Amino acid sequence: MVEIKLTNTRTRSKERFAPIDPQNVRMYLCGPTVYDRAHLGNARPVVVFDVLYRLLRHVYGNDHVTYVRNFTDVDDKINASALARQQSGDPRPLEELIRERTEETIGWYHADMDALGALRPGHEPRATDYIPQMIAMIEALIAKGHAYAAEGHVLFDVRSFPAYGRLSGRSVDDMIAGARVEVAPFKRDPMDFVLWKPSSDEEPGWASPWGRGRPGWHIECSAMSAALLGESFDIHGGGIDLQFPHHENEIAQSCCAHPREDFARVWLHNEMLQVEGKKMSKSLGNFFTVRDLLDQGIPGEVIRYVFLMTHYRKPMDWTAEKVREAEGHLGRWRAVIGSSYLPSTPDPEVLEMLADDLNTPAALGRLHQLSNDITTGDPNDRPRLTAQFIASARVLGLLEPGMGSWADSITDSPDITAAVERLLSLWMDLRRQKNFERADTLKNEADRLGVRFRVTPSGAAVDFVRPSDSSRWGKDLLRGLADLEAQQES
RNA sequence: GGCGGGUUGGCGGAGAGGUUACGCAGCGGAUUGCAAAUCCGUGAAGACCGGUUCGAUUCCGGUACCCGCCUCCA
């Protein structure tokens, strides 16, 4: 069996992974707060943990991995957007507007993450479906002396949990010294955090022993992971920005509520994302959602490849150059494999690299070698090598059958293919007539449209090369081809 | 201020205390009417200053610069 090693943020070291129960490996990933389209940064952990999920499924068996990723659908930003809609004239009650907003956002999220080739987790719980479990957990924390009610709030008492701060390597005293947070007067300690807070009439609320209110940010992950994975489980993941306070607080809540259990054994954190060397932010104008990129014509598989080019524990820089490179590689690989498919098993080296703390950049490097072996090796080996290459790529979620359509989607349009074929045969005629001047002009014009003519031993062929600014490629292409045909006739 | 991450060839990006990463781009060649694609070959590196060592880009210490978290942002 492949030995998986993972860098555990909790111990700050790379450890051999040994599941509590190999028959049921359990993993929890902090999912999105559903108030808007997922941006590129949201997508990184999804892709990273999708690779881990695929690897675990390969090693332990598809039916022996439980993957949970939550939707946080109770949040002040959701409330604010629903309230804004109501104030701009929508007559419906706030609860309905909130529900509509979160439903819509979850739909977007699914569509966008599907486009990246991320497998759906086995469970995608919504926070609002686990309010009773959260209340029960808060009650248990109060009963055990780790939390206290004050002015309609319930707060976690960080001084009651000596290990508070261990995950993120901070001490409560240091944090207070450097804190920039305004401290509510009812807090016993400035670092105490909210488990439950009161709701006004404009805010969604649930009945509780402390009055009508809603849960604090962190408790939903503690409650849902316990409900779906148990009080001890194997892996907990998320972005490094969640390490503090979110994950620290999850640990405090879960470990105090279930003191005999371990909560999550391995903590994995992906580093953050940058865009062209800078932090992605709305003010810098380099902020975009996954959907923005898909709409620009960048295929989800290409986005995924770009993510995998950087190791998950390093900051990743999103650049146009990487998109170009990724697109080139995937196009080439798809050409190498053609439409062939044979069942196979992944290359052991690829597995070994992934098992070594998810070294996806090294695994991609190995895939390049495998791809070269196919084209340069013994032709008799080709089917076997191709099958293994595909199986290897699929552990990374690449070269999946459903994701290849981008490579030839442009040819789905009968108008375009017909026009291209007419021009291509005209080009071949001109070449046969040795009218190279006209042939070259035609070829260059077509090239500018992203249609590249070439000669192969078996006749003429065409490649579609997506221009860098391709948001309206399909439309422009058809018009461009028509113009070109008219030009040829004149 | 506190805590954490990073710095590898023109670019992206790994591993390894001594031996080719890999890819892109470049260059030379094959092929082509010219190209493209493909194939063959090829140069190029490890921020800076010390230390350990027979030997460090790889280990240790320091400096510089970059980035993140400490604000319900993944």
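Remember, predicted model here, so these are calculated numbers, not experimental data. In what follows, chains carry the letters A, B, and so on, assigned in the order in which the sequence lines appear, proteins first and then strands, with residues in each chain numbered from 1.
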Between [options], spot the one nearest the side chain of [X], thanks.
X      : options                : answer
A:D241 : B:rC69, B:rG5, B:rG12  : B:rC69
A:H39  : B:rA74, B:rG6, B:rG33  : B:rA74
A:M272 : B:rA35, B:rA74, B:rG2  : B:rA74
A:L273 : B:rG4, B:rA74, B:rC34  : B:rA74
A:E325 : B:rG13, B:rC24, B:rA74 : B:rC24
A:R170 : B:rC39, B:rC69, B:rA74 : B:rC69
A:N372 : B:rU38, B:rC34, B:rG23 : B:rG23
A:R454 : B:rA36, B:rC34, B:rC69 : B:rA36
A:Q369 : B:rG68, B:rC22, B:rA14 : B:rC22
A:N42  : B:rA74, B:rC24, B:rG5  : B:rA74

When the [atom1] atoms of [N] and [M] are considered, how many whole Å apart are they?
N      : M      : atom1 : value
B:rG9  : B:rA47 : C1'   : 14 Å
B:rA45 : B:rC11 : C1'   : 12 Å
B:rC48 : B:rG10 : P     : 13 Å
B:rG15 : B:rC60 : P     : 15 Å
B:rG41 : B:rA74 : C1'   : 45 Å
B:rA14 : B:rA21 : P     : 15 Å
B:rU31 : B:rA37 : C1'   : 11 Å
B:rC54 : B:rU38 : C1'   : 47 Å

Which is true for [X] with a 4.0 Å heavy-atom rule: it touches a base, it touches only sugar-phosphate, or it touches nothing?
X      : result
A:F453 : base
A:G238 : sugar-phosphate
A:T319 : nothing
A:Q274 : sugar-phosphate
A:K434 : nothing
A:T72  : nothing

Note to self: In terms of relative ring orientation, are A:F193 and A:F156 parallel, tilted or perpendicular, with 30° and 60° separating the classes?
What the structure shows: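 A:F193 and A:F156: parallel rings.
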Who is the Watson-Crick or G-U wobble partner of [N], with both distances under 3.5 Å?
N      : answer
B:rC27 : B:rG41
B:rG4  : B:rC67
B:rG61 : B:rC49
B:rG18 : B:rC54

Contact under 4.0 Å: [X] side-chain N or O vs [N] OP1/OP2:
X      : N      : value
A:K314 : B:rU7  : yes
A:T310 : B:rG12 : no
A:K322 : B:rC24 : no
A:R332 : B:rC39 : yes
A:K279 : B:rC69 : yes

Is the shortest distance from a Lys or Arg side-chain nitrogen in [X] or [Y] to a carboxylate oxygen in the other one below 4.0 Å?
X      : Y      : value
A:R37  : A:D292 : no
A:E349 : A:R366 : yes
A:R69  : A:E124 : yes

Check: What integer distance in Å separates A:E437:CD from B:rA35:P?
Finding: 16 Å
Check: A:F436 on top of B:rG33's base, within under 5.5 Å and under 30°?
Finding: yes
Next item on the list: Please find out if less than 6.0 Å separates the ring center of A:Y67 from that of A:H123.
Entry: no
Notebook entry, point to check: Using the purine O4'-C1'-N9-C4 or pyrimidine O4'-C1'-N1-C2 torsion, is B:rG18 syn (within 90° of 0) or anti?
Noted result: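 Anti.
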Check: Taking for each residue the nucleotide of RNA chain B bearing the nearest heavy atom, is the 5' side occupied by A:D75 or by A:R12?
Finding: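 Comparing both residues, the 5'-ward one is A:R12.
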Next item on the list: Nearest-nucleotide wise, let me know which of A:G169 and A:P215 is further upstream toward the 5' end of RNA chain B.
Entry: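 Result: A:G169.
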Margin query: Among A:S371, A:P348, A:P346, exactly one meets side chain to side chain contact (heavy atoms under 4.5 Å, CB included) together with A:S392. Which residue is that?
Written below: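 Looking at A:S371, A:P348, A:P346, the match for A:S392 under the side chain to side chain contact (heavy atoms under 4.5 Å, CB included) is A:P346.
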Note to self: Base of B:rG15, side chain of A:N359 - is there a donor-acceptor contact under 3.5 Å?
What the structure shows: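 Counting by modelled atom types and ignoring angles, no donor-acceptor contact under 3.5 Å is found here.
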Check: Can you name the closest pair of heavy atoms from A:G238 and A:H247 and give their distance?
Finding: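 In this case the closest contact between A:G238 and A:H247 is CA-CE1, 4.1 Å.
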Margin query: If we count only N and O atoms by modelled type, under 3.5 Å, do the side chains of A:H39 and A:T289 hold a donor and an acceptor together?
Written below: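 A:T289 and A:H39 do not have a side-chain donor-acceptor pair below 3.5 Å.
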